[in-house]
Novice: 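Quick one: this structure, given as structure tokens, is what I'll be asking you about.
Heads up: numbering here begins at 1 and tracks the sequence. Read the numbers this way: they start at 1 and go in the same order the structure lists the ligands and their atoms. Hydrogens, waters and symmetry mates are skipped; everything else that's a heavy atom, side chains included, is used.
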Amino acid sequence: MDERFEALRFDGESLILLDQRVLPTEETYHHCHTTSEVEFAIRDMVVRGAPAIGAAAAYGVYFAAKEAKNEKEFNNLCTFLGNARPTAVNLEWAIRRMQGIYQANKTKSDLLELLLKEAHEIRAEDIATNKAMSKIGNAVVPHGATILTHCNTGALATAGWGTALGVIKEAFYSNKEIFVYADETRPRFQGARLTAWELMEAKIPSKLIADSTAATLIRDGKIDLVILGGDRVAANGDVANKLGTFMLSVICKAYGVPFYSVVPVSTIDFDLASGDLIPIEERDGSEITHVGETQVAPTGMDVYNPAFDVTPHQNITGIITERGIIYPPFKENIARLKRGEHL
Ligand code: MRU
């Protein structure tokens, strides 16, 4: 069953983003007409989630080609766009793919049409990929499972349907009796604001928990499996994902609870040897010192606010992709995926 909302769409002139900064209390749309408006929307998290920022950036590259007077200006605008957020590899992946279309067609009169077509394709492929991953991932969800998830990985984090939340929805719509615990996901509350909203929209039985409740639920045998997304997977299977993922993986390993990451192949950085090399975004300290407009820490307190952490592959049961589930040994199996072999 598809959602009644879209995280992003293009109306012929502007990229229209459901403003994720103000959900769930306001459902408003943010219009972008220029590269710098798309860059701002990604950086300020109007649109967020690895696949969604990739799809948004593809339209940003289309705007760049419209704005640039020459190839150098075009490439500079692409670099500017690619620096909006460093961790999710989908951003550079989508920009590189669009730059390839530019290179192959830069002398043609229909260059802009071709770029727009490619952006539409990136968006449509993402939805199809998510649906394929959901079907594959559903196989690891037992009947009657209680699932814990972290951050937001649903239709809002993608061009549509979702990655980890897509698997959860697939399990629910295929009549499995599941129950979901959603971590609130400090400090930006993607779990409380966005995942809770999507779970309620889909009518999936669920409860919202403070992040720190997860350890007790896992120790007490209340969680059958953890399913979450990923922003960049290294060639050895290490996964960068929303801050808090690593901690969850350690607890799951200690108590023998299966731990799955769900990512499209576009989230795998085949050229990056290990998770230590993944650039981790640091965000403004006000995300920790304030909750909304309310100050919760003393004025002047220094803050360390990484937005992501890296889960070592040793803590991961499997990585679910549209081309199958990657199990250990991750390095070998990711290399097979790169060579185009079946898993
Ligand atoms: O900072 P965000 O909200 O962009 O972080 C999002 C996540 O960490 C998601 O888990 C990840 O992008 C996968 S979403 C399908």
Novice: Report the nearest protein non-hydrogen atom to atom 9 (C) of ligand 1: residue, atom name, distance rounded to 0.1 Å.
Specialist: N241 OD1, 3.5 Å

Novice: May I ask you to say whether R232 pairs ionically with E92, meaning some side-chain N is under 4.0 Å from a carboxylate O?
Specialist: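 Answer for the salt bridge query: yes.
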
Novice: Give the contacting part of K242 toward ligand 1: side chain, backbone, both or neither, where contact means a heavy-atom distance below 4.0 Å.
Specialist: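 The answer is both.
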
Novice: Heavy-atom contacts under 4.0 Å between H150 and ligand 1: side chain, backbone, both, or neither?
Specialist: neither

Novice: Are F74 and E67 packed together at the side-chain level, in the sense that at least one heavy-atom pair is separated by less than 4.5 angstrom?
Specialist: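 A side-chain contact under 4.5 Å is absent here.
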
Novice: First locate atom CZ of R123, then atom NE2 of H120, and finally report the distance between them rounded to the nearest 0.5 Å.
Specialist: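 R123 atom CZ to H120 atom NE2 measures 8.5 Å (nearest 0.5 Å).
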
Novice: Name the option, out of T245, T87, D231, V263, that contains the heavy atom nearest to atom 7 (C) of ligand 1.
Specialist: D231

Novice: I'd like to know if the side chain of T321 and the backbone of V265 have a donor-acceptor N/O pair within less than 3.5 Å.
Specialist: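 Checked: no pair found.
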
Novice: List ligand 1 atoms under 4.0 Å from Q190, heavy atoms only on the residue side.
Specialist: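 Listed by number with element: 1 (O), 2 (P), 3 (O).
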
Novice: State plainly whether the residues R43 and E39 are in salt-bridge range, i.e. N to O under 4.0 Å.
Specialist: yes

Novice: Are any of the N or O atoms of F308 closer than 3.5 Å to those of ligand 1?
Specialist: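 N/O-N/O distance below 3.5 Å does not exist for this pair.
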
Novice: Run down the list G244, G49, G230 and name the one with the heavy atom closest to atom 13 (C) of ligand 1.
Specialist: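 Result: the heavy atom closest to atom 13 (C) of ligand 1 is in G230.
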
Novice: Please report which non-hydrogen protein atom sits nearest to atom 15 (C) of ligand 1, along with the residue it belongs to and the distance in Å to one decimal place.
Specialist: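 Its nearest protein heavy-atom neighbour is T163 OG1, 3.0 Å.
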
Novice: Select one of side chain, backbone, both or neither to describe which atoms of C151 lie under 4.0 Å from any atom of ligand 1, heavy atoms only.
Specialist: side chain

Novice: Mark the output for L228 as yes if a heavy-atom distance to ligand 1 is under 4.0 Å, and as no if none is.
Specialist: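 Contact absent.
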
Novice: Before accepting this row, confirm whether a basic side-chain N of the pair K108/D110 lies closer than 4.0 Å to the acidic partner's carboxylate O.
Specialist: no

Novice: What's the shortest distance from atom 14 (S) of ligand 1 to any protein heavy atom, and which residue and atom give it?
Specialist: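 Here the closest protein heavy atom is A157 CB, 3.6 Å.
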
Novice: Please state which part of A307 comes within less than 4.0 Å of ligand 1, counting heavy atoms only: side chain, backbone, both or neither.
Specialist: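 Answer for A307: neither.
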
Novice: Do the charged groups of E341 and R323 touch, with an N to O distance under 4.0 Å?
Specialist: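 Salt bridge absent between E341 and R323.
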
Novice: Is any NZ, NE, NH1 or NH2 atom of the basic residue among R186 and D211 found under 4.0 Å from an Asp or Glu carboxylate oxygen of the other?
Specialist: no

Novice: Just to be sure I read this right, does ligand 1 sit under 4.0 Å from the backbone of R85, its side chain, both, or neither, counting only heavy atoms?
Specialist: side chain

Novice: For residues 291-301, which side-chain N or O atoms pair as donor and acceptor with protein atoms under 3.5 Å away, sequence neighbours left out?
Specialist:
| from | atom 1 | to | atom 2 | distance (Å) |
| --- | --- | --- | --- | --- |
| Q295 | NE2 | A297 | O | 2.7 |
| Q295 | NE2 | T299 | OG1 | 2.9 |

Novice: When you measure from the heavy atoms of A88 to every atom of ligand 1, does any distance fall below 4.0 Å?
Specialist: no

Novice: Tell me whether E332 is salt-bridged to R336, with the criterion being a basic N under 4.0 Å from an acidic carboxylate O.
Specialist: no

Novice: Evaluate T153 for polar contact with ligand 1, using N/O atom pairs at a separation under 3.5 Å.
Specialist: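 Such a contact does not occur with ligand 1.
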
Novice: Out of all atoms in ligand 1, which are within 4.0 Å of some heavy atom of M45? Include the element for each.
Specialist: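 Result: 1 (O), 2 (P), 3 (O).
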
Novice: For T129, what residues pass the side chain to side chain contact (heavy atoms under 4.5 Å, CB included) criterion, not counting sequence neighbours?
Specialist: M133, P264, E322

Novice: Enumerate the atoms of ligand 1 whose separation from the nearest heavy atom of A50 is less than 4.0 angstrom.
Specialist: 12 (O)

